[in-house]
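Values below: all heavy atoms of this structure, side chains included; hydrogens, waters and symmetry mates excluded. Residue numbers run from 1 in the order of the sequence given.
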Amino acid sequence: MFPRRSLALLPFAPALAQAQVLPGRRSTQDAEVAMPEPGRRAWAAQVPVIRYGIMGGENEADRLGRFEPYRAMIERIFQVPTRLFPASDYAGVMQGLSAKQLELAGLGPSAYAGAWMDTEGGIEPLTITQQGDGSVSYVSVLVVRADSGITSLEQMRGRSLAWADANSTSGYLIPRFQLRRAGIGVEPGQFFGRTGFAGGHEQGVVAVLQRQYDGAVTHASTLGDPAQGYSRGNLRSMVDKGMLRMADIRIVWTSEPIMNGPLAVRSDLPDGFKRDMQMMQLALAKTYPDIARQIARGDTLGAVEARHEDYALFVEMRREEAAARRRRS
């Protein structure tokens, strides 16, 4: 566990966020990493259905469309019925893991930390997605309309801001943490005139475009072509779907790097199941690059093994946020 005093520092060590490959971890690029051979496993007696949770942030039809080839691949390889469960918000997937109604889910760092706390250590991370350059980080960005006249964070003083989701890392936890550290009050009326929840990352950007909020926080890679929404993340996804032209928005604040979230699994499931799911995810970009890109919402080099300590500081940040809520009440 990280000491609580480290909350005054970066969300995690920059060297960790920017590392090409985390030291001592298996990754997609390792020669021995290969997709598991097709066939029914012994663990299928305990896991007769694989239920995969998909967090909110974009509309349900798009999420199901992106993940359907992934679902079919899992079912084909392990010969076990596989079902997708798209939740309306992040909490739905966290609750599904806690209630043992899901086996697997791709989580953001904050959602992982929250689910780990809710289950008292009942979930564990398997892999972390790598970006096209091998890094394992992304950033939170604050976007405004390009024609708003707002060109800096200071000009958001007294304006309205949309958070994405209370369990989002880039859309809530990290911007609040880093803005507070910079001396900017994040509660309504302190710096921003009004704040609220948009219901997801896409919804927040759409709310800005429709002038319902002056700004919104979402996530991006900051790699690749800015005109295309960078290499991956919500902005890139919205550009690819024709929902956004980058010329219509302006980024006025960017966070420090944030560790990519993990593919997480319930800890009470068979070890053989966990090993197969981890190897499958590590080999995905090597074997099925189009599927890997769809679920990563952009370019990806693959994945690297994850450990709980990669997210321990996010657990501490969530505890700090919960303590702040109690003080306000």
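- Aromatic ring centroids of Phe314 and Tyr112 lie 6.0 Å or more apart.
- A cation-pi geometry, defined here as NZ or CZ lying under 6.0 Å from the six-membered ring centre and within 45° of its normal, does not hold between Arg180 and Phe191.
- Judged by distance alone, with hydrogens and angles left aside, the side-chain atoms of Arg40 form a donor-acceptor pair with the main-chain N or O of Gln79 at under 3.5 Å.
- Looking at heavy atoms from C-beta onward, Arg293 lies in side-chain contact with Asp299 at the 4.5 angstrom threshold.
- Side chains of Ser98 and Asp118: no donor on one and acceptor on the other come within 3.5 Å.
- With respect to Ile128, the side chain to side chain contact (heavy atoms under 4.5 Å, CB included) criterion is satisfied by exactly one of Glu305, Arg307, Gln281, Met259: Met259.
- Counting all heavy atoms, side chain and backbone alike, Met243 lies closest to Val206 at CE-CG2, 4.1 Å.
- Ring geometry for His219 against Tyr138 counts as perpendicular: the plane angle is over 60°, on a 0 to 90° scale with 30° as the lower cut.
- We find that Asp240 and Arg236 are joined by a salt bridge, their nearest charged nitrogen and carboxylate oxygen being less than 4.0 Å apart.
- Between the side chains of Arg318 and Ser110, at least one donor-acceptor pair of N or O atoms lies under 3.5 Å.
- Residues Met277 and Glu103 form no side-chain contact, since every pair of their non-hydrogen atoms from C-beta on lies 4.5 Å or further apart.
- Lys100 places a side-chain heavy atom less than 4.5 Å from the side chain of Asp268.
- To the nearest 0.5 Å, atoms CE (Met156) and CD1 (Ile184) are separated by 10.5 Å.
- In terms of heavy-atom proximity, Ser27 sits nearest to Gln130 at CB-OE1, 4.2 Å.
- Considering OG of Ser160 and CD of Gln212, their distance stands at 10.0 Å, rounded to 0.5 Å.
- Rounding to the nearest 0.5 Å gives a distance of 12.0 Å between CD of Gln228 and CZ of Arg245.
- Looking at Arg211 and Asp147, a side-chain N of the basic residue comes within less than 4.0 Å of a carboxylate O on the acidic one, giving a salt bridge.
- Counting heavy atoms from C-beta on, the side chains of Arg194 and Tyr213 come closer than 4.5 Å.
- Aromatic ring centroids of Phe78 and Phe273 lie 6.0 Å or more apart.
- Minimum heavy-atom separation, Pro69 to Gln294: CG-OE1, 3.6 Å.
- For the pair Gly229 and Met246, the tightest heavy-atom approach, listed with the atom from each and the gap, is N-CG, 3.5 Å.
- With Leu282 as the fixed residue, the side chain to side chain contact (heavy atoms under 4.5 Å, CB included) test singles out one of Leu126, Thr127, Leu263, Asp30: Thr127.
- Summarising the geometry of Ala285 relative to Leu301, their closest heavy-atom pair is CB-O, 3.9 Å, with the distance given to 0.1 Å.
- Residues Ser148 and Asp214 are not in side-chain contact: their nearest non-hydrogen atoms beyond the backbone lie 4.5 Å or more apart.
- With a 4.5 Å cut-off on side-chain heavy atoms, Leu284 and Ile295 count as touching.
- A side chain to side chain contact (heavy atoms under 4.5 Å, CB included) with Trp43 holds for exactly one of Val80, Asp271, Leu269; it is Val80.
- Ring-plane geometry between Tyr52 and Phe67 is classed as tilted, the angle between the planes lying from 30 to 60 degrees on a 0 to 90 degree scale.
- Thr28 has its side chain out of reach of Thr300: every pair of non-hydrogen atoms, C-beta onward, lies at least 4.5 Å apart.
- Distance CG/Asp165 to CZ/Phe197: 7.5 Å, rounded to 0.5 Å.
- In this structure, Leu179 CG and Phe192 CZ are separated by 5.5 Å, a value rounded to the nearest 0.5 Å.
- The distance from the CE atom of Met35 to the CE atom of Met73 is 5.0 Å, given to the nearest 0.5 Å.
- Under a hydrophobic clustering in which Ile, Leu, Val, Met, Phe, Trp and Tyr are joined whenever their side-chain heavy atoms come within less than 4.5 Å, directly or via other members, Leu104 and Val49 fall into different clusters.
- Side-chain contact between Ser255 and Val217 is absent, with no heavy atoms from C-beta onward closer than 4.5 Å.
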